[in-house]
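Before any comments, here is the structure.
Heavy atoms only: backbone and side chains are in, while hydrogens, waters and symmetry mates are out.
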Amino acid sequence: MSRREECDNCKADQHVCKMCVYFVSQRCQEERAEHISVTEKANFCDYFKPSNKSTSNLDKQKSAQAKADLAALFGDELPEATQQDESLSPSELADKKLRDMLNGL
């Protein structure tokens, strides 16, 4: 991936710390990498490896807040399952859906 790689939709930089497999808990876990002070801007890190993680916790919180704001705007209530499912990992969510389909078996 090029250092200048951008998202086709929003033009955000893609070669950034937060999009790397080594970036965990808001810091780089690669011991040999140099410290990058601005983790959301394109950088020259040689250890960058794209991650398949879709969203960070902050993005999930923003998404949940946006859904709540939209529901409040139209006078709706968020389904309780949606509120609970926000904190589940994809595998936990799939397991929960399967158990729900099988009536808790």
Taking all non-hydrogen atoms of both residues into account, name the closest pair between [X] and [Y] and its distance.
X	Y	value
Val21	Val24	O-CG2, 3.9 Å
Ser51	Cys20	CB-C, 3.7 Å
Phe48	Gln14	CZ-O, 3.5 Å
Tyr47	Tyr22	O-CE1, 3.1 Å

Can you tell if the side chain of [X] reaches within under 4.5 Å of the side chain of [Y], non-hydrogen atoms only?
X	Y	value
Gln29	Phe23	no
Cys17	Asn43	yes
Cys45	Glu34	no

Mind checking the [atom1]-[atom2] spacing from [X] to [Y]? Nearest 0.5 Å is all I need.
X	Y	atom1	atom2	answer
Asp95	Asp100	CG	CG	9.5 Å
Thr39	Gln26	OG1	CD	6.5 Å
Glu40	Met19	CD	CE	11.0 Å
Lys67	Asp69	NZ	CG	12.5 Å
His35	Arg27	NE2	CZ	10.5 Å
Lys18	Ile36	NZ	CD1	15.0 Å

Practice task
Step through the shown structure and confirm whether more than 12 heavy atoms of other residues, nucleotides or ligands are within 6.0 Å of CZ on Arg3.
Solution key: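 Yes.
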
